[in-house]
Structure formats: C-alpha cells, structure tokens
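Taking it in order: structure first as structure tokens, then the write-up.
Every number for a ligand or one of its atoms is a count from 1 in the order of the listing.
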Amino acid sequence: MNDPHLWWYVTRASAVLAWVIMTAAVLWGIVLSTRVFRGADNPAWLQDLHRYLGGTALVLTLIHMVSLVLDPWLAMPIDQLLIPLIAEYRPLPVALGIVAFYVLAAVQVTSLVKNRLPRRLWKAVHYLSYVAVLAVAVHGAFAGTDAGAAWYQAVATVVVTATVLALIVRIIMARRRPTSAPVPAVAPTGTVPSLSEANPGDPLAVTRMRIVGKHPVADGIVRLRLARVDGRPIEPWYAGAHITLRLPVGIERQYSLCSDPADRGHIDIAVLRAEPTGLGSTYLHDVAGLGDELDVIGPRNHFPLEAAHEYLFIAGGIGITPIRAMIEALPPSRSWRLVYLGRTRSEMAFARELEQRYGDRVRVIAGDERAQRLDVAAEIGATDADVYACGSSGLLDDVVAATPVERCHVERFVAIDRAAGTERAPVTVITRRTGVRVDVPAEQSILTALQHAGVPVATSCGTGVCGTCETRVLAGTPQHLDSVMADADKDEIGVFYPCVSRATSPELVLDL
Ligand code: FES
C-alpha cells in the first residue's frame with residue numbers, strides 16, 4: 001500500500017477493465033435483443049450474464065474513481081470526480097468519464113427497479129449505454145496516460161469498433177419490420193425443452209408474489225404483472241407455461257404466462273372476466289390491486305414449444321396468452337405464422353401490438369370486421385408446420401381433427417368429457433414410496449381413493465385440465481381421460497392425472 005505507484009496501477013487497470021466489460025455488456029445486450037440464441041437455449045442465463053457484466057463494470061468504475069482520490073500523486077478532490085467540467089485536469093474529457101459513470105449507474109438502478117418503471121423509460125436509459133461506452137473512449141484517449149501506448153490503441157480500436165457495429169445492428173433491428181417473406185427455416189436444436197425438460201425447478205413450489213402492474217389490454221381483459229416479494233428472479237420457465245394462483249377467496253385458478261420467458265424480473269398473465277360465474281376473474285379484475293400479494297404455484301408447463309422447422313399458431317380469444325409467450329421466445333429468423341380469432345377486435349388482447357410488431361406474419365380475424373370465417377382444415381392442410389393452438393373447445397376440436405397427431409399441440413382451458421361411454425373398472429393402486437395399497441371402486445376417482453388412504457396428492461381443478469395432480473406411473477397401463485396434453489406425450493414421460501384418469505390394467509403402481 002505504500003508503493004506510490006500502486007494506485008496508479010489500480011486506476012489504469014480498473015479503467016480499462018471497466019471499459020472492456022461495459023462493452024461486453026452492450027454486445028450481450030445485442031445478443032439478447034436480437035434473440036440470436038432464442039430457441040437454442042434457456043435464455044435466462046443470458047439475462048443474468050448481461051446483468052452481471054453491467055454490475056461488474058460499475059464496480060470497476062467506482063474502484064477507478066476511488067483510486068484517483070487515493071493516489072497520492074493525483075489526490076483528486078471528490079467534487080471534481082462527481083461534478084462535470086470543474087476538474088482542473090482536462091475538464092472536458094474528465095466530464096465525459098463522469099457522465100459515463102452516471103449513465104452506467106442509471107442503467108443498473110433502472111434495471112433493478114424495472115418492474116416499477118414504464119418500459120419506454122427503462123429502454124431509453126438502457127440505450128444510453130452506447131453513449132457511455134463511446135464517452136469512455138474519448139475520456140480514455142484524452143484524459144488517460146496510456147493513450148499513446150500500442151496496447152491501449154489496439155484495445156480502443158476493438159472496443160470502439162465493436163460498439164459502433166453494435167449500435168448499427170441495434171438501429172437496423174429497430175427499423176426492420178418483420179414480414180412473412182420466407183426466411184430460412186432453422187430447425188431448433190435439441191436444447192429446445194423436451195416434454196420432460198419443460199418444467200425446471202420444483203413446479204409445485206409456492207412462491208409469494210406481488211402485483212406490480214395492472215392494465216386493461218382489451219375489453220374485459222386485464223394484464224397483471226407479478227414479481228417475487230423477496231425480489232429474487234422468477235424460476236426459469238419456458239413458453240407455454242402457466243401458473244396457479246391461490247386467491248384469497250379460497251379458490252385456485254390457472255393462467256397462462258404471456259410475457260417473455262427471458263425476463264425473469266416478472267411474469268405477466270392476462271385475465272378474461274368470466275361473467276357471471278367467474279369468481280377468480282372477478283376477484284382479479286375488481287378487488288386485486290397494485291401491491292397485493294398472492295401465493296403462486298409454478299410456473300408449470302404442459303404446452304411446451306418443441307423443435308420444429310416451422311410453426312403455425314392458432315389462437316382463439318384469451319387463448320392468445322401462451323401463444324404470445326411462444327412468439328416472444330422464438331428468434332426472428334424462425335419461420336412462423338399466427339392466426340388469431342376473436343368475436344370483436346376490441347376484445348382481442350395484444351392484437352394491435354402483434355400486428356404492428358410482426359406485420360403480415362399475423363392474421364387477425366375479428367368477427368365484427370366481417371372477416372371471412374377461418375377454414376381450419378384448409379389452413380392446416382396447406383402447411384406441414386407444427387400447429388400450436390389454444391382457444392375455445394370448438395376451435396381446438398377442429399384443429400385436432402385437421403392436424404396429424406405428431407404435429408398437433410393444443411392447450412385447453414375447459415376439460416373435455418372423455419369418460420362418457422368408457423367403462424370404468426375397479427383398479428388396485430399401489431404407491432411405491434409410501435407402500436400403500438388401495439382398491440379403487442369403479443365409481444370413485446383414483447385421486448379421491450388415494451386421499452382417503454392418507455396419500456397426499458396435489459390437486460386443483462379436479463377435472464383433468466390443469467395438470468396439478470400429475471403423477472408418475474411406474475407399472476401398469478393408465479387409461480388417460482384428462483385434457484392436459486396428448487396421450488402419447490403422457491406415455492412418453494410416464495405420467496397420468498388421477499383426478500379423472502383410470503387404468504386398463506388391474507393394477508397401477510405409482511411413484512407416490
Ligand atoms: S387436479 Fe387438475 S388435472 Fe388433476
């Protein structure tokens with residue numbers, strides 16, 4: 001510490017490192033905004049890396065400033081470090097460094113409270129990062145002591161060139177209007193979640209969340225933004241996921257997530273007011289307000305976006321919610337189309353936004369605009385894309401009827417009655433972990449029998465649509481009577497839903 005050169009070294013090293021890491025953060029921001037890695041990986045780690053790079057650059061900048069004060073040769077007064085243009089030494093270049101510091105700090109602070117800020121404000125502050133990196137370049141060139149050194153000039157050339165290129169890419173991306181012109185279809189790699197990978201973390205863990213945003217997004221539809229009460233990031237989730245809200249009125253309701261899976265600061269749901277019986281939606285529309293806290297189970301995913309060379313999304317009404325998250329998750333180069341149906345345009349959440357952002361990739365068919373009815377069979381028959389659909393039972397029945405099973409992915413809000421006409425036979429259920437053997441009569445559900453026998457099984461809807469009671473089957477043949485996902489998918493990952501499903505074998509061994 002007594003070496004008079006020590007602080008000089010610290011000053012130089014921290015400055016150059018801060019500059020390089022700040023540039024890396026900007027470049028990583030480009031990777032995020034251009035969705036280069038979307039569909040090829042869980043984007044959450046990219047967000048984390050971006051944040052850590054920005055935070056590290058800010059810490060290094062602070063070290064740089066403190067070392068300027070502590071350096072006995074410079075002993076820079078603190079006010080000259082904090083107030084632009086009053087420095088005795090090269091006031092203008094020093095001022096640019098000070099401005100860059102404030103911008104960097106503003107970017108970090110606004111990112112921490114992003115959920116409470118208008119998105120435009122957060123974005124505007126974020127874009128100032130480019131200005132900060134270039135201001136640092138001028139600051140270093142005219143206020144630094146290494147500007148003439150070859151190594152410094154090499155670093156400066158790389159950093160400035162990278163920043164300018166990043167800025168150009170960002171401007172082009174902002175101006176580019178997506179079209180339905182054919183783009184090279186890139187098959188997503190194997191790291192797109194498989195069915196068994198679509199639920200990282202404990203899907204039944206209960207998290208306390210706070211309502212941090214509430215806005216109407218269409219007639220009768222309100223968007224709620226939820227963030228963890230403890231301020232920690234949301235568990236990683238994939239497009240197509242939903243959460244279960246435990247409402248203070250004593251009921252649980254499932255809602256699809258409609259935000260960007262890469263954004264772990266919050267999750268969004270859109271809630272349709274279901275008159276007159278919708279106790280859950282009435283509560284969320286009329287009673288729940290900003291700052292209210294709710295217990296949230298999940299996210300849980302029974303509708304994951306899987307690898308495909310091309311996608312056809314079909315959404316009916318509020319069924320747009322999981323589809324919107326899927327569109328957010330895909331990289332711009334991926335080939336997809338959306339057909340979005342609704343009774344009236346004013347009741348169609350996100351319709352205008354999706355049209356504006358994605359141009360003629362999006363076809364909105366609103367009943368009040370005298371639009372032609374969708375011929376579902378013809379629409380699907382004209383493509384070999386994988387079909388993802390969510391909406392009314394009638395629409396989904398048409399989609400299922402028209403789509404080859406291996407390309408058909410639907411999510412239902414209302415259970416279909418698959419038990420009608422099927423014979424319900426008694427079955428003996430054995431729970432491997434708890435060692436219970438239960439004889440389930442034909443008129444009783446397996447879930448109820450298990451609960452009576454003291455075997456705890458999580459449950460919510462009780463009608464075979466939410467997926468909460470999902471249980472692994474270790475032996476025996478389940479008879480799937482639920483509406484959660486395709487039977488082949490359930491068999492592939494070895495699960496069934498005991499609230500409605502039964503067995504075709506006399507015994508069923510469960511992982512309970
Ligand atoms: S409780 Fe909802 S699917 Fe069984």
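- Residue contact check: Ser460 has heavy atoms under 4.0 Å from atoms 1 (S) of ligand 1.
- Here is the list of ligand 1 atoms found below 4.0 Å of a heavy atom in Cys466: 1 (S), 2 (Fe), 3 (S).
- With respect to atom 3 (S) of ligand 1, the closest heavy atom belonging to the protein is Gly467 N, 3.2 Å.
- The pair Glu235-Arg264 fails the salt-bridge criterion, with no side-chain N (NZ, NE, NH1 or NH2) lying under 4.0 Å from an Asp/Glu carboxylate O.
- With atom 4 (Fe) of ligand 1 as the vertex, atom SG of Cys469 and atom SG of Cys499 span an angle of 100° (nearest 10 degrees).
- Under a 4.0 angstrom heavy-atom cut-off, Asp482 registers as lying outside contact with ligand 1.
- Side-chain N/O atoms of His302 and Asp489 include no donor and acceptor closer than 3.5 Å.
- The ligand atoms of ligand 1 that sit less than 4.0 angstrom from a heavy atom of Gly464 are 3 (S).
- Counting atoms of ligand 1 from 1 in the listed order, those under 4.0 Å from a heavy atom of Val465 are 3 (S).
- A salt bridge is defined here as a Lys NZ or Arg NE, NH1 or NH2 lying under 4.0 Å from an Asp or Glu carboxylate O, and Asp295 with Arg208 meets this definition.
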Report task. Could you give me the CA-CA distance, side-chain angles and deciding distance for Glu252 and Thr244, then say whether side-chain hydrogen bond (donor to acceptor under 3.5 Å, both in side chains) is met? Result -> CA-CA 6 Å; Glu252 291 184 352; Thr244 298; 5.5 Å; no

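- A donor atom on one side chain and an acceptor atom on the other are not found under 3.5 Å apart for Gln479 and Ser501.
- Neither the backbone nor the side chain of Thr463 comes within contact range of ligand 1; no heavy atom lies under 4.0 Å.
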